[in-house]
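Letters A, B, ... are given to chains in the order of the sequence lines, protein chains preceding strands, and every chain is numbered from 1. Fair warning: this is a prediction, and the values are worked out from it, not measured in the lab.
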2 protein chains.
Amino acid sequence: MDARTKFYQFVERQGLRHTGQREKILTIVLATEKHVSAQELYDLVQKKHKEIGYATVSRTLKLLADSGVCRIVDFGDGVHRYEHQYGHGHHDHLICTKCGMVAEIYSEELEEIQSKLVKKHGFVQTRHKLDIFGLCSKCKT
Amino acid sequence: MDARTKFYQFVERQGLRHTGQREKILTIVLATEKHVSAQELYDLVQKKHKEIGYATVSRTLKLLADSGVCRIVDFGDGVHRYEHQYGHGHHDHLICTKCGMVAEIYSEELEEIQSKLVKKHGFVQTRHKLDIFGLCSKCKT
DNA sequence: GTCAGATTTGATAATGGATATCATTATCAA
DNA sequence: TTGATAATGATATCCATTATCAAATCTGAC
Ligand SMILES: [Mn+2]
Ligand SMILES: [Mn+2]
Ligand SMILES: [Zn+2]
Ligand SMILES: [Zn+2]
């Protein structure tokens with residue numbers, strides 16, 4: 001199912017409404033291959049749609065996260081960032097602390113070991129988050 | 001080197017001063033085997049030392065983190081938590097989203113796979129953070 | 001021990017991102 | 001078309017963290 005369908009199915013299921021603002025914001029979110037904060041997305045939205053307010057952007061991002069179209073990413077700098085999941089499977093992040101570059105990483109082996117650890121402790125896992133901080137190849141010299 | 005020595009060596013190296021408040025706060029931090037927020041630690045400190053203010057607790061926690069005696073732990077709920085490193089090696093966290101219970105996990109295998117991944121991407125790692133959220137054995141039924 | 005200069009403290013104000021409020025506008029089933 | 005209700009946008013509020021600043025404390029030099 002594509003991201004748009006997923007979002008509107010969620011909206012309908014929750015008794016919410018299809019609005020021009022949600023449509024426009026969703027379009028911009030899906031076109032953005034970055035980890036954006038509400039403010040950054042608001043700035044992007046403003047370029048095309050001057051009439052859309054910050055609060056609506058913020059609320060729509062929350063809705064996108066609740067619907068599963070977006071994921072909240074928190075690198076611990078006090079800002080919530082969002083990334084859409086369309087065409088992206090689960091992944092973790094490598095973050096360069098100098099230039100801010102973010103690389104997406106995935107390892108089946110890693111996921112399996114995590115699952116084993118969780119089971120060993122009698123937990124049922126719902127989600128996990130691995131952030132690795134360091135210097136990217138350009139910044140490390 | 002014990003935690004106290006480590007802290008005071010840091011304090012001296014930075015040209016900072018040895019004060020009663022820092023001493024008292026450090027003692028309470030070292031006696032606390034939890035992941036405490038500034039507010040929670042302030043409450044603990046208040047029980048013994050009514051005269052110590054919140055700002056001092058907050059500042060001292062930052063200092064403890066800078067000195068390496070404590071580590072900042074952020075479970076994404078908008079509050080910084082701190083844990084002292086005395087007698088604890090590196091570890092990651094399993095967090096029960098129902099009761100808030102936190103289990104500490106460690107796997108050499110996991111760490112090695114992470115290192116490999118980081119190298120593959122040309123990064124130099126400085127730190128990492130793995131948080132696994134789910135339900136603990138008591139809450140999962 | 002005393003002193004001067006610098007740091008620290010505690011109360012409180014400021015900050016900033018997220019969320020709540022509320023009057024107005026838009027959506028949508030009937 | 002219309003009434004009920006949700007959504008919007010401007011702004012206020014929240015809340016954890018950080019900054020401010022006068023008073024208190026620390027520390028090395030004497
Ligand atoms: Mn990502
Ligand atoms: Mn821990
Ligand atoms: Zn970099
Ligand atoms: Zn639990």
Result block: side-chain N/O donor-acceptor pairs under 3.5 angstrom for residues 93-101 of chain B, not counting sequence neighbours:
residue	atom	partner	partner atom	Å
B:H93	NE2	B:H35	NE2	3.1
B:H93	NE2	B:H91	NE2	3.2
B:T97	OG1	B:G134	O	3.2

How close do B:Y8 and B:R22 get, heavy atom to heavy atom, and via which atoms?
-> OH-C, 4.0 Å

Nucleotide by nucleotide, 5' to 3', does protein get under 4.0 Å of the base (B), only the sugar-phosphate (S), or neither (-) in nucleotides 12-24 of chain C, counting heavy atoms?
-> -----SSBBB---

Represent DNA chain C in dot-bracket notation, 5' to 3'. Only Watson-Crick or G-U wobble pairs with both distances under 3.5 Å count; pseudoknot-style crossings use [ ] and interstrand partners use |.
-> ||||||||||||||||||||||||||||||

Rounded to whole Å, NE2 of B:H18 lies from P of D:dG28 at a distance of 12 Å

Check whether any side-chain nitrogen or oxygen of B:Q14 sits under 4.0 Å from OP1 or OP2 of C:dT7, and answer yes or no.
-> no

Taking atom CD of A:E12 as the centre, does the number of heavy atoms from other residues, nucleotides or ligands within less than 6.0 Å exceed 12?
-> no

Would you indicate whether A:K140, at its atom NZ, is surrounded by more than 12 heavy atoms from other residues, nucleotides or ligands within a distance under 6.0 Å?
-> yes

Do the ring planes of B:H84 and B:Y86 sit parallel (below 30°), tilted (30 to 60°) or perpendicular (above 60°)?
-> tilted

Could you tell me the separation between the CG atom of B:L63 and the P atom of D:dT18, rounded to a whole number of Å?
-> 13 Å

Take atom CD of A:Q21 and atom C1' of C:dT27, then tell me their distance rounded to the nearest Å.
-> 11 Å

Grab the CD-P distance between B:E51 and D:dT25 for me, whole Å please.
-> 11 Å

If you measure only the distance, is there a donor-acceptor pair under 3.5 Å linking the side chains of B:H49 and B:Q21?
-> no

Below 4.0 angstrom, N of the basic side chain to O of the carboxylate: do A:K116 and B:E109 qualify?
-> no

Please report, rounded to the nearest Å, how far the C1' atom of D:dA4 is from the CG atom of A:L16.
-> 16 Å

Under-4.0 Å salt bridge between B:D66 and B:K62 | yes

Give the ring-plane orientation class for B:H128 versus B:H90, where under 30° counts as parallel, over 60° as perpendicular and anything between as tilted.
-> perpendicular

For A:Y42 and D:dT8, what is the distance between atoms OH and C1' respectively, to the nearest whole Å?
-> 13 Å

Hey, which of these two, B:I52 or B:G15, hits DNA chain C nearer its 5' end, going by closest nucleotide?
-> B:G15

Round to a whole Å and report the spacing from CD of B:E40 to P of D:dC15.
-> 16 Å

Which whole-number value in Å describes the distance from A:K24 NZ to C:dA26 P?
-> 11 Å

Among D:dT8, D:dT27, D:dA7, find the nucleotide with the atom closest to the side chain of B:R17.
-> D:dT27

Look at B:R22 and D:dC26 and indicate whether a side-chain polar atom (N or O) is within less than 4.0 Å of OP1 or OP2.
-> no

Are any of A:T56's side-chain N or O atoms less than 4.0 Å away from OP1 or OP2 of D:dG9?
-> yes

